[in-house]
Amino acid sequence: MLTLRQLEYLVTIVEQGSFTRAAELLHVSQPALSHQVRVMEGLLGGPLLERLPRRVRATPMGRAVLPHARAALAEAGQAVAAARDCARSGAGEVELATLYGYSLGVLPAVLRVWHRERPGVAVRLREYRHAEELAEAVAGGVADLALGPVPPGWAGPLWELGQEEFLLVLPADDPSDAGPGGELELRSLAGRSWVHYAAGNGLAELLDQACAEAGFRPVAAVRTEQTAAGPLLASAGIGPTLAAAHALPPGLPGRLHRPLPPVRRPLAVYARSEPDPLTAELVTVVRREAVLLPEHVRERLAG
């Protein structure tokens, strides 16, 4: 495979008609330039240049290669210009991987501010069902940045946002008795049929683990693939569920309670390596604008 540098050597020699002048322009020695031409000719299986007494000209094979060499160099130049323009003007695209629940709760407010401050920079979301899938995808290079639960043993840069809180959602006429602070013992719901989440959705594991710590295993009345459907089904009276506070919409008709014991997990943005300037700006906006306990939820819990 020819390199861009080798293609640049070939084009410069032909344009200058001389190894000597080409070597001067390219800031390489003439023997090194001649060696690279021999390497190219060995790779392509024939001579690229004809050495005449007063000049150097391209052979038929060399002339066949030249338009492609010039096109490749032009494309590379355009790529460099685009990168520099992106750095100067703040135009481009950032890829952000996350879980479905954060697209509902945390990200709308963050992205509203981002597109107000950086209207020329698009954000491409890649959404996953499970925190392990998210971490594996980002480690494998599918996105510039991730927003999700703190991955165990993450070796790259990581910025914690705080603790996301999970609340119990029940119908408005549910007969359960909450404590004076609105807390509700999880074990008091042991005999209920639950609105559960489908296998593969990380919330299914979270709900099972929370109930196990309270001493029981939840029985599913229904399992949903959609994070947003859980609170709606619970409000409709199908059974209690757990949902992230940040993902609960205003006007949800059901009751909200903090479970006892509490159910929380740390949330973070993280990357494989130190972010480029645009991605670093998105990290700053996420850290500044992410709300894990929205005001409408805070008011419901206080009331």
Side-chain angles (χ1 to χ4, degrees), residues 96 98-114 116 125 127-131 134 145-151 158-172 174 176 178-186 188-189 194-195 197 201-207 209-211 213-214 224 226-235 240-270 282-303:
L96 174 63
T98 191
L99 301 181
Y100 287 108
Y102 304 119
S103 297
L104 296 169
V106 176
L107 283 176
V110 169
L111 295 181
R112 181 177 63 247
V113 172
W114 173 257
R116 186 174 67 235
L125 290 180
E127 296 162 286
Y128 297 86
R129 296 190 305 163
H130 197 285
L134 172 63
L145 192 67
L147 168 66
V150 174
L158 182 147
W159 302 266
E160 288 203 30
L161 303 176
Q163 297 279 327
E164 62 174 328
E165 186 173 3
F166 291 84
L167 302 178
L168 283 164
V169 184
L170 298 97
D174 193 90
S176 58
E183 292 91 353
L184 186 62
E185 293 279 353
L186 261 177
S188 70
L189 303 173
W194 285 70
V195 173
Y197 298 93
N201 187 317
L203 291 179
E205 292 180 15
L206 184 139
L207 195 157
Q209 182 178 349
C211 293
E213 291 176 359
T224 177
Q226 300 183 47
T227 303
L232 298 176
L233 294 170
S235 295
T241 197
L242 277 174
H246 58 73
L248 296 172
L252 185 72
R255 287 167 50 185
L256 303 182
H257 297 285
R258 284 191 165 101
L260 289 176
V263 182
R264 301 186 181 98
R265 67 181 176 185
L267 183 63
V269 284
Y270 57 94
L282 181 55
V283 171
T284 299
V285 173
V286 173
R287 296 179 70 189
R288 187 182 73 221
E289 301 295 337
V291 175
L292 303 189
L293 186 63
E295 188 60 32
H296 68 273
V297 175
R298 191 186 303 273
E299 290 174 356
R300 290 276 299 274
L301 292 172

- Message: Can you tell me how far apart CG (L242) and CG (L203) are? Round to the nearest 0.5 Å.
- Response: 8.5 Å
- State the CG-CG distance between L184 and L256, to the nearest 0.5 angstrom. 11.5 Å
- Message: In the structure I gave you, are the side-chain heavy atoms of L147 and L267 within less than 4.5 Å of one another anywhere?
- Response: yes
- Could you list the residues that satisfy ring-ring contact (aromatic ring centres under 6.0 Å, His included) with Y197, not counting sequence neighbours? none
- Would you give the length of the straight line joining atom CG of L107 to atom CH2 of W114, rounded to the nearest 0.5 angstrom? 12.5 Å
- Which atom pair, heavy atoms only, marks the closest approach of A131 to L99? N-CD2, 3.8 Å
- Message: According to salt bridge (charged side-chain N to carboxylate O under 4.0 Å, His left out), who are the partners of R288, at least two apart in sequence or on a separate chain?
- Response: E117
- Message: Can you tell me how far apart CG (L168) and CD (E183) are? Round to the nearest 0.5 Å.
- Response: 11.0 Å
- Side chain to side chain, L170 and L189, heavy atoms closer than 4.5 Å: yes
- Applying side chain to side chain donor-acceptor pair (under 3.5 Å), name anything that partners R300, two or more places apart in sequence or on another chain. none
- If a pair satisfies side chain to side chain donor-acceptor pair (under 3.5 Å) and one of its residues is in residues 98-109, list it, with sequence neighbours excluded. Y102-E164, Y102-R265, S103-E127
- Query: Residues in side chain to side chain donor-acceptor pair (under 3.5 Å) with T227, at least two apart?
  - Reply: none
- Mind checking what makes side chain to side chain donor-acceptor pair (under 3.5 Å) contact with E165, not counting sequence neighbours? R258
- Query: Considering all heavy atoms of both residues, which atom of V195 and which atom of G230 are nearest to each other, and what is their separation?
  - Reply: CG1-O, 3.7 Å
- Identify the heavy atoms of A245 and V297 that sit nearest to each other, and give their distance. O-CG2, 3.6 Å
- Message: Nearest 0.5 angstrom please: E160 CD to R287 CZ, how far?
- Response: 10.0 Å
- Task: Would you check if the side chain of R255 reaches a backbone N or O of D174 as a donor-acceptor pair within less than 3.5 Å?
- Result: yes
- Query: Taking all non-hydrogen atoms of both residues, which atom of P231 and which atom of V169 are closest, and how far apart?
  - Reply: O-CG1, 3.8 Å
- Message: Quick check: closest heavy atoms across V291 and V106, and the distance to 0.1 Å?
- Response: O-CG2, 4.2 Å
- Query: If only atom types and distance count, is the side chain of H130 paired as donor or acceptor with the main-chain N or O of G202 below 3.5 Å?
  - Reply: no
- Message: To check you understand the geometry: which heavy-atom pair defines the closest contact between P253 and A172, and what is its length?
- Response: O-CB, 3.5 Å
- Atom pair CG/NE2 of L167 and H246 - distance to nearest 0.5 Å: 10.0 Å
- Message: Can a donor-acceptor pair be found, under 3.5 Å and without considering hydrogens, that links the side chain of S235 to the backbone of L252?
- Response: no
